[in-house]
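When a ligand or atom number is given, it counts from 1 through the structure's own listing order.
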Amino acid sequence: MPKVISLVGARPQFVKEAMIYKEVRRLSAWDHVLVHSGQHYDASMSGAFFDQLSIKNPDHSMDIGSGSHGAMTARALERFEAVLLKERPNMVLVYGDTNTTVAGALAASKLKIPVAHVEAGIRQNPKDMPEEINRVVTDHLSRYLFTCSRTAADNLAKEGVTQGVHNVGDVMYDLFLMMRSSFDGAITEKLGLKPNRFVLVTLHRDFNVDDERKLGEILKGLSELGKTLDLEIVFPAHPRTSKRIEEFGLSGLMDGIKIVPPVGYFQLMGLAENCVFAVTDSGGFQKEAVFAGKRALVIMPDTGWRELTDCGWNLLAEPNSEDIVKKGLSISQTDGTTPPTPYGDGHAAEKIVLKLKSVFE
Ligand SMILES: CC(=O)N[C@H]1[C@@H](OP(=O)(O)OP(=O)(O)OC[C@H]2O[C@@H](n3ccc(=O)[nH]c3=O)[C@H](O)[C@@H]2O)O[C@H](CO)[C@@H](O)[C@@H]1O
């Protein structure tokens, strides 16, 4: 049986792995060796996802932990190379755009092991953001590129990448449809919130949260927005963001903002289904909010998911309080349009696994 190594390390990758692994098992496709880089290590950022989504225990844990980009990527590169030399897989699967992704693609391609990239072709400004660098490098090292939408496939074509590109849809959409009946709506009341009376916020991008002035402006904008709309603001905060709020002494700006620890997949989706709208700088969650039928105010200069902003469903906002209040007011209006659904038919993971399985036949 062929052997495929699947490399994960950060929250959004656990979600994608869960769906791929379900299909690998269902289709008895290959010997699936799971490697966890350890980029995310807190129980709420890692273990909770493995438990909830029935992901197999990692066969190798590389414990790279946190650090500078160079240090993290270098640790992952060196340790993953050792795993590859030991396991000698027929292929390596990487997901998304994290430091784990790029290290995996680099280690494998240097050993001439074919790389398959799930969520290929996403492009956004600024071009020097860490995730964009990781995406471009990973795509150009990959032999199989699985895109979520036509836009992503077109982005690759503009860079001359057309071989091995398969536009299959989004595995996160598959997972959402499959798990929807299990979402934990009860968390809403457990957090003291009323359905349809709150805004759901997530923030973790370095360019938003590592800058004291910008983070302060965002919090000020959210607090004002909540008061203006008479809605609560609930904010499951990434550890990086909580650390910065404390370090910069910004807790005084949190009036009306309920900060809670990071929540698991079923809880975040339960909250998404019950919120009025979302505010986020997460690549994954700006889509998941839309899957749940909600609009998202995206605090970024640009987005890789332009299908959702080009049609006016999601809006981009600048990291300043006026723009957040202005765009937040606009997004709170329901205008009777239905959410866009550009991410496939719920069978992306099946298509990926069948395609790769056929390579080994
Ligand atoms: C460059 C990169 O890979 N970025 C990805 C990473 O960003 P993310 O912001 O999580 O990036 P890191 O993995 O570098 O973590 C940032 C900081 O968060 C703290 N920390 C992180 C993990 C943890 O379990 N505990 C903890 O305390 C550490 O202080 C760390 O330095 O994951 C996000 C999902 O969450 C993805 O959207 C980002 O694309």
Of all the non-hydrogen atoms in the protein, which one sits nearest to [atom], and at what distance?
| atom | value |
| --- | --- |
| atom 37 (O) of ligand 1 | His204 NE2, 2.9 Å |
| atom 25 (N) of ligand 1 | Asp42 OD2, 3.1 Å |
| atom 30 (C) of ligand 1 | Ser66 OG, 3.2 Å |
| atom 16 (C) of ligand 1 | Arg240 NH1, 3.0 Å |
| atom 19 (C) of ligand 1 | Lys243 NZ, 3.8 Å |
| atom 1 (C) of ligand 1 | Asn99 OD1, 3.5 Å |
| atom 20 (N) of ligand 1 | Tyr41 OH, 3.6 Å |
| atom 4 (N) of ligand 1 | Glu131 OE2, 3.0 Å |

Backbone or side chain, does any N or O of [X] fall under 3.5 Å from an N or O of ligand 1?
| X | value |
| --- | --- |
| Thr98 | no |
| His238 | yes |
| Asn134 | no |

### Query
Between Thr151 and Glu307, is a side chain to side chain donor-acceptor pair (under 3.5 Å) present by the stated rule, with each step listed?
CA-CA 7 Å; Thr151 316; Glu307 306 88 349; 2.9 Å; yes
What atoms of ligand 1 come closer than 4.0 angstrom to any heavy atom of [X]?
| X | answer |
| --- | --- |
| His69 | 1 (C) |
| Asp97 | 39 (O) |
| Pro239 | 25 (N), 26 (C), 27 (O) |
| Met45 | 24 (O) |
| Met72 | 13 (O), 14 (O) |
| Arg11 | 35 (O) |

### Message
Whether the Gln13 and Thr100 side chains hold a donor-acceptor pair (N or O, under 3.5 Å, no angle test) is what I'd like checked.
### Response
no
#### Entry: Donor on one side chain, acceptor on other, Thr280 and Gln286, under 3.5 Å
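No, Gln286 and Thr280 have no side-chain donor paired with an acceptor closer than 3.5 Å.
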### Task
Please determine which of Lys16, Arg135, Arg123 meets the salt bridge (Lys or Arg N to Asp or Glu O under 4.0 Å) test together with Asp97.
Arg135
As an exercise, state the distance from [atom1] of [X] to [atom2] of [Y], rounded to the nearest 0.5 Å.
| X | Y | atom1 | atom2 | value |
| --- | --- | --- | --- | --- |
| Asp302 | Thr309 | CG | OG1 | 7.5 Å |
| Gln124 | Glu132 | CD | CD | 6.0 Å |
| Thr101 | Leu7 | OG1 | CG | 7.0 Å |

#### Entry: Ring-face cation contact, Tyr21 with Arg25, 6.0 Å cut, 45° max
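Yes, a cation-pi geometry.
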### Task
Could you pull out, from Gln39, Arg205, His40, the option with a heavy atom nearest to atom 32 (O) of ligand 1?
His40
### Task
Check whether more than 12 heavy atoms from other residues, nucleotides or ligands sit under 6.0 Å from atom CG of Asn196, and answer yes or no.
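Counting neighbours around CG of Asn196, more than 12 heavy atoms of other residues, nucleotides or ligands fall under 6.0 Å, so yes.
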Are [X] and [Y] close enough that their ring centres sit under 6.0 Å apart?
| X | Y | answer |
| --- | --- | --- |
| Phe14 | His36 | yes |
| His140 | His117 | no |
| Tyr173 | Tyr343 | no |

### Message
Using a 4.0 Å heavy-atom cut-off, which part of Pro12 comes near ligand 1: side chain, backbone, both, or neither?
### Response
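Under 4.0 Å from ligand 1, Pro12 contributes side-chain atoms alone.
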